[in-house]
Number of protein chains: 2
Amino acid sequence: MRKVLLKNIAEHVGVSIALVSYVLNGKAEEKQVGKEAAEKIRAAAAELNYQPNHIAKSLKTRKTYTIGLVVADIKYRFSTGITSAIEAEAKKKGYNVIFGSSNENAEKFNELTNVLVNRQVDGLIVVPSEDSQDQIALLQNSGVPLVLIDRYFPELNTNCIVLDNFKAAYEITSYLIRQGHARIGFVNLETTLHHLHERSRGYKQALADHGIEFSPHWLQKIGVNDRAKGVETALNQMLKREAPCDAVFFATDTLSIMGLKTMNGMNLKVPDDVSVISFDEAEAFDLFYCSVTHWRQPLEEMGKIAVKTLIDVIKHGKTYKQITLESSFVAGKSCRE
Amino acid sequence: MRKVLLKNIAEHVGVSIALVSYVLNGKAEEKQVGKEAAEKIRAAAAELNYQPNHIAKSLKTRKTYTIGLVVADIKYRFSTGITSAIEAEAKKKGYNVIFGSSNENAEKFNELTNVLVNRQVDGLIVVPSEDSQDQIALLQNSGVPLVLIDRYFPELNTNCIVLDNFKAAYEITSYLIRQGHARIGFVNLETTLHHLHERSRGYKQALADHGIEFSPHWLQKIGVNDRAKGVETALNQMLKREAPCDAVFFATDTLSIMGLKTMNGMNLKVPDDVSVISFDEAEAFDLFYCSVTHWRQPLEEMGKIAVKTLIDVIKHGKTYKQITLESSFVAGKSCRE
DNA sequence: ATTAATACTTTAAACGTTTAAAGAAAAATT
DNA sequence: AATTTTTCTTTAAACGTTTAAAGTATTAAT
């Protein structure tokens, strides 16, 4: 069953290929194609079930109507959420999404973005991995339409859709202070990623602004290898001492899960023994014995705006938009009242 | 910064485009390209950082080295697991993956597969949604290389990589019986999907083979809308009665999560009040107070074999392989000993 | 009845590759 | 020295579209 081509329709109707192309691309008016011919062409296309060859189309038009998406790790809730949001919005706008996961690895990130660019995607939406600023700069210079989400490099002038991580962490910490907590621990990742530094900064600033003197062991940073073990050690530092922390704030949902699991193992009751707040939610919270208070990232909105921004760049050329979205507090029962 | 083309390299070296193409496609030997010319061409390609235009390549060769993947719902753990497995294996073989999620909707499934085929993917790996057998048959007839995973239609002759769901459910149920359970509930989805029917069948057969008379209220099927509510009702049926079930077997991880959550709400203690087994695991189990006994699907293997099978079809034409993988029992602490 | 304007259609080049087939140069055989 | 063979290179068509530009009817204006 050979594919039907424009040529076949042209022969079938008895006109030139050009006319068929005009009509099937909605340029009948513009090109003043005769009504009768146009009708015949449309009928023939339907009858023969013509399906355009996008490869040929792309070659000629230099447009693929495909967006390349690179997430940090497909296993994160953030990634699946943002992916489906982006897919849905892209689809609405007539774009497809090709997607890959860098697994938080700069090398894989470079490779992936290169592959996507070589596949002639019209633009990229990426969650940059650690140490990817050089590649981001390269991409930016090469002229590929590019939008970063979630993470960004302050020294780089790129489009990005992000949160005010400083403010979020500041608010979370302030909330804990208002609830009467005096020794608040913060578990973050050991990383160079700016958005996570911002979270640490917000945490510290809130303490300072409320006149709480910061104790170094309150802020624990988890290295890349064996994170579960790292979280355990961190919590021991915070909770197994003279004046233990009375609240723990986790900088990511993954850390929260590991933390809550560890607390289960330590036979600590949330929130009686210790209050807990998570940055970002996790499906796993569903099975914890109490609902987990957390900070909510607007994934839907982020995905939508990322696609819109990208398409804007694709269609109208470079911009440098730094869009900061509002995120929100979701009260659960994991904090002492 | 205009893209570097074969033409540019040819001019740079002073040879024809054909020669450049031969060399850069590893056909230097075969086409007996002069050693010196070949070396110069390779050097120039490196120097100019030549990146082939895959669109043009594909147009000519009718190969895109792209696999289309349709999953049932990107939010399932199965989907993310299988997606990364497929991506990794495809990458190894020099293929890319374009991906979409049908959200368990036949219409979206049709649309997605059509889009992917129009994008000239070399083949499709799909988790078919309910009511998609017509589309599957169409695709099969159109000659697109096709591999189904996880689910399949027994009346359709297609390549598929699946589990023996009957056997798995049979073994799970038998295990519960061996542990001394006499009233075993099974929570499944209300669906026409064959693999889930197989699970019900395995469950029933195990009861029958062990001489346990099946009570209708033990088998609960959850409809599509408001599944959480459905699970709650189902568990009430099973557990709030004269002779309540002493064990519940959930047919999917999503059902398990909702079930365990509901049990928390009902103040039922696992496994003291009721034993629980899940088909497939979930990250959420991490936060449950006891480890959840479950049946493990070999996602890595499934993805790998799916890719291998598909590439085999792409390269060597149609086959009809029904590959059944072994799956395994993972003991936790959610069943009475 | 010309000419000019309008309405419609076709031609042909281009997009960046691949690859038969033909051609040219060099080496080997008469 | 002429011929054949081998080695290396180029030519040119093709993949399936899009789209200026040119062409040809038809209608309107003089």
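Chain naming here is simple, since letters A, B, ... match the order of the sequence lines and numbering starts at 1 in each. Computed from a prediction, not measured in an experiment: that's the story for all the values here.
Legend: ring pair (Phe, Tyr, Trp, His ring centres under 6.0 Å) pairs involving residues 102-157 of chain B, not counting sequence neighbours, sorted by first then second residue: B:Y152-B:H194. Pairs passing the side-chain hydrogen bond (donor to acceptor under 3.5 Å, both in side chains) check and including a residue from residues 18-28 of chain B, sequence neighbours excluded, read B:S21-B:N25, B:N25-B:K57. Residue pairs meeting the side-chain hydrogen bond (donor to acceptor under 3.5 Å, both in side chains) criterion with at least one member in residues 37-51 of chain B, sequence neighbours excluded: A:N118-B:Q51. Applying the side-chain hydrogen bond (donor to acceptor under 3.5 Å, both in side chains) test to every pair with at least one member in residues 119-128 of chain B, sequence neighbours left out, gives these pairs: A:T66-B:R119, A:N96-B:R119, B:T64-B:D122.
In the region residues 9-16 of chain B, proximity to DNA chain D at under 4.0 angstrom, judged on heavy atoms, holds for B:V15, B:S16. Against DNA chain D, the stretch residues 44-53 of chain B makes no heavy-atom approach under 4.0 Å. Of the residues in residues 21-34 of chain B, those lying under 4.0 Å from DNA chain D by heavy-atom distance are B:Y22, B:K31, B:Q32, B:V33, B:G34.
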What pairs of nitrogen or oxygen atoms, one from the protein and one from nucleotides 22-24 of chain C, lie under 3.5 Å apart?
none

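Here B:Y65 pairs with B:Y95 under the ring-ring contact (aromatic ring centres under 6.0 Å, His included) rule; sequence neighbours left out. Taking the salt bridge (Lys or Arg N to Asp or Glu O under 4.0 Å) definition, one finds that A:D131 meets it with nothing, sequence neighbours left out.
Within the 3.5 Å criterion, the main-chain N or O of A:V307 finds no donor-acceptor partner in the side chain of A:E89. Judged by distance alone, the side chain of A:D312 and the main-chain N or O of A:K308 form no donor-acceptor pair under 3.5 Å. In this structure a side-chain-to-backbone donor-acceptor pair under 3.5 Å is missing from A:E301 to A:L325. Judged by distance alone, the side chain of A:S58 and the main-chain N or O of A:K63 form a donor-acceptor pair under 3.5 Å.
Put simply, CG on A:L19 is 8 Å from C1' on C:dC8, counting in whole angstrom units.
Counting any heavy atom pair closer than 4.0 Å across all strands shown, A:I55 reaches no nucleic acid atom.
For the pair B:D73 and B:S79, the tightest heavy-atom approach, listed with the atom from each and the gap, is O-OG, 2.6 Å. Pairing each heavy atom of A:D150 with each of A:M302, the nearest pair is N-SD, 4.3 Å.
Looking at heavy atoms from C-beta onward, A:L148 lies out of side-chain contact with A:I161 at the 4.5 angstrom threshold.
Rounding to the nearest 0.5 Å gives a distance of 13.0 Å between OG1 of B:T309 and NZ of B:K304.
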As a quick check of understanding, evaluate salt bridge (Lys or Arg N to Asp or Glu O under 4.0 Å) for B:R151 and B:E104, giving each step before the final call. CA-CA 12 Å; B:R151 309 168 178 182; B:E104 300 284 15; 2.9 Å; yes
Run the salt bridge (Lys or Arg N to Asp or Glu O under 4.0 Å) check on B:K108 and B:E111 step by step: do they pass? CA-CA 5 Å; B:K108 180 130 201 246; B:E111 210 177 299; over 6 Å; no
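One axis for each end of the helix from C:dA1-D:dT30 to C:dT30-D:dA1, each built from five base pairs, and the angle between them comes to 70° at 10° resolution.
At most 12 non-hydrogen atoms from other residues, nucleotides or ligands lie less than 6.0 angstrom from CD of A:E107.
In the 5' to 3' direction, nucleotides of DNA chain D lying under 4.0 Å from heavy atoms of chain A begin and end at D:dG16 to D:dA20.
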